[in-house]
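Input: a single structure, listed below in structure tokens.
All ligand and atom numbering here is 1-based and tracks the order in the structure.
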Amino acid sequence: MRSPNLVKMVGVVLLAVEIIVLISGYRFGANGLSMNYYLSSCPLAEPIVTNTVIRALMADPTLAAALVRLHFHDCFVQGCDGSILIDSTKDNTAEKDSPANLSLRGYEVINAAKKQLEKQCPGVVSCSDILAMTARDAVYLAGGPLYSIQKGRKDGRRSKIEDTENLPSPTFNASQLIIKFRQHGFSAEELVALSGAHTLGVATCRSFKNRLSDEDPTLDEDFAQTLSETCSSGDDAELPFDATRNSFDSLYFNALQRKAGVLTSDQTLYADTRTRNIVNGFASNQPMFFRRFQLAMVKMGTLDVKQGSRGEVRKNCHKIN
Ligand code: HEM
């Protein structure tokens with residue numbers, strides 16, 4: 001994680017960015033979002049969220065990965081509307097109980113931020129905005145790019161297990177990934193950039209054991225052994241995506257070049273000629289990866305945002321009001 005003095009400055013920097021944006025007369029976008037959305041209704045929203053993330057990552061740096069993934073799984077299903085946070089009830093099985101979401105973590109960080117925000121400005125800051133802000137802070141605090149995001153998302157009122165079919169599977173090949181991401185408006189380059197989030201975190205054997213049975217020319221022999229040894233400890237055994245699981249860097253792409261990508265959906269990005277050059281570009285040019293990643297994250301954060309009566313600001317992120 002970045003040095004404590006540096007991270008303490010992040011909240012101040014973000015507040016300064018908000019103020020500059022306000023002075024420069026930034027207006028609401030067509031989707032109703034704006035950079036300075038909470039400046040008058042909850043001026044401390046940004047520093048409250050950032051301080052919560054700093055505290056969480058100091059205690060457990062692996063949470064950076066968890067927060068970035070939560071935001072992705074929120075936005076790809078029903079748009080960025082906090083639907084991933086809703087708990088199942090006796091009448092409804094929610095998204096979070098889908099097999100694809102069972103290993104999501106970090107809900108406690110969202111809850112901690114929401115608790116502070118409700119004390120400071122009750123009923124103002126949406127859970128979907130908290131997800132977007134915590135993901136942004138997690139990327140920066142783990143060593144990645146610092147970027148500004150628009151706020152003003154409303155929380156959705158629907159969270160259904162069947163909607164999680166919209167998530168890509170780890171067994172997807174490049175064609176399937178390209179189609180899935182195109183459905184959400186992303187190019188092949190944006191697919192590769194967003195997949196670069198796998199510079200953080202781990203996968204469990206459950207997600208890559210499909211690779212152990214067949215002879216796979218895209219998989220390095222020694223690395224196949226590593227996958228297999230991990231799985232000898234069971235389905236829940238974890239393997240980092242790259243050598244630096246808590247640092248946001250471009251080593252994930254170097255791993256793909258060595259045929260040491262963990263998931264089928266990782267290695268296929270190097271195996272397929274449509275995406276290989278993009279992987280090579282990001283592997284050799286980290287600033288370019290950072291730039292493309294931040295642009296793609298900003299875009300992902302505006303997927304199908306809810307406005308007006310289509311949404312609400314949840315009082316409790318786990319329940320529809
Ligand atoms: C390209 C399609 C993608 C597929 C198929 C995919 C699939 C997966 C799978 C299977 C895992 C491991 C789950 C487990 O075994 O417990 C994982 C972890 C992760 N994914 Fe993805 N993912 C994709 C794209 C993304 C994107 C776009 C992001 C964020 C922008 C992201 C962020 C993460 C992070 C940070 C982790 C590590 C989580 C942790 O350590 O707690 N993924 N992903």
Side-chain angles (χ1 to χ4, degrees), residues 56-57 60-77 80 84 98-109 131-132 134-136 138-139 142 144-145 147 149 164-211 227 230-231 234-242 244-249 252 256 261-270 272 275 278-279 289 292-301 303:
L57 296 199
D60 178 3
T62 73
L63 283 169
L67 293 171
V68 175
R69 189 170 180 229
L70 267 181
H71 183 43
F72 165 52
H73 282 228
D74 183 34
C75 293
F76 259 53
V77 181
C80 310
I84 189 62
S98 148
N101 285 333
L102 290 180
S103 62
L104 290 179
R105 308 176 297 126
Y107 296 107
E108 69 281 11
V109 184
L131 282 167
T134 55
R136 172 206 59 195
V139 166
Y147 55 92
I149 53 167
T164 59
E165 279 169 10
N166 271 327
L167 289 167
S169 158
T171 61
F172 272 8
N173 62 29
S175 297
Q176 293 168 306
L177 289 171
I178 287 171
I179 291 170
K180 177 63 72 182
F181 275 68
R182 195 189 295 137
Q183 285 165 357
H184 293 280
F186 292 106
S187 65
E189 188 185 50
E190 288 167 328
L191 155 69
V192 178
L194 287 172
S195 297
H198 288 177
T199 176
L200 296 174
V202 295
T204 56
C205 164
R206 190 176 288 107
S207 305
F208 55 78
K209 65 181 176 188
N210 65 299
R211 306 188 72 195
L227 294 182
T230 305
C231 285
D235 272 1
D236 291 329
E238 294 175 347
L239 188 65
F241 284 110
D242 70 13
T244 53
R245 62 178 281 185
N246 297 327
S247 295
F248 197 100
D249 51 34
Y252 162 79
L256 302 188
V262 175
L263 308 175
T264 301
S265 59
D266 293 318
Q267 197 56 54
T268 189
L269 299 175
Y270 186 70
D272 194 286
T275 44
I278 308 169
V279 170
F289 163 48
R292 296 288 183 268
F293 180 79
Q294 75 183 63
L295 290 173
M297 282 296 275
V298 167
K299 182 169 169 181
M300 188 181 88
L303 285 179

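Side-chain contact, Thr264 with Asn210: a donor N or O sits under 3.5 Å from an acceptor N or O. Counting only N and O atoms by type, the side chains of Thr244 and Asp249 include a donor and acceptor under 3.5 Å apart. Thr62 and Arg105 share a donor-acceptor pair across their side chains, judged by distance under 3.5 Å alone.
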Would you mind writing out a table of all protein N or O atoms found under 3.5 Å from any N or O atom of ligand 1, naming both atoms and giving the distance to 0.1 Å?
unit_1: ligand 1; atom_1: 15 (O); unit_2: Thr204; atom_2: N; d: 2.8
unit_1: ligand 1; atom_1: 15 (O); unit_2: Thr204; atom_2: OG1; d: 2.6
unit_1: ligand 1; atom_1: 15 (O); unit_2: Ser207; atom_2: OG; d: 2.5
unit_1: ligand 1; atom_1: 16 (O); unit_2: Ser103; atom_2: OG; d: 2.7
unit_1: ligand 1; atom_1: 20 (N); unit_2: His198; atom_2: NE2; d: 2.9
unit_1: ligand 1; atom_1: 22 (N); unit_2: His198; atom_2: NE2; d: 3.0
unit_1: ligand 1; atom_1: 40 (O); unit_2: Val202; atom_2: N; d: 3.0
unit_1: ligand 1; atom_1: 41 (O); unit_2: Arg105; atom_2: NE; d: 3.3
unit_1: ligand 1; atom_1: 41 (O); unit_2: Arg105; atom_2: NH2; d: 3.2
unit_1: ligand 1; atom_1: 42 (N); unit_2: His198; atom_2: NE2; d: 2.9
unit_1: ligand 1; atom_1: 43 (N); unit_2: His198; atom_2: NE2; d: 3.0

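Taking the six-membered ring where the residue is Trp, the centroids of Phe76 and Phe181 are separated by under 6.0 Å.
Between Phe241 and Tyr252, the ring planes are perpendicular. Angles over 60° get that label, and only those under 30° would be called parallel.
For Arg292, the side chain to side chain donor-acceptor pair (under 3.5 Å) partners at least two apart in sequence or on another chain are Glu189.
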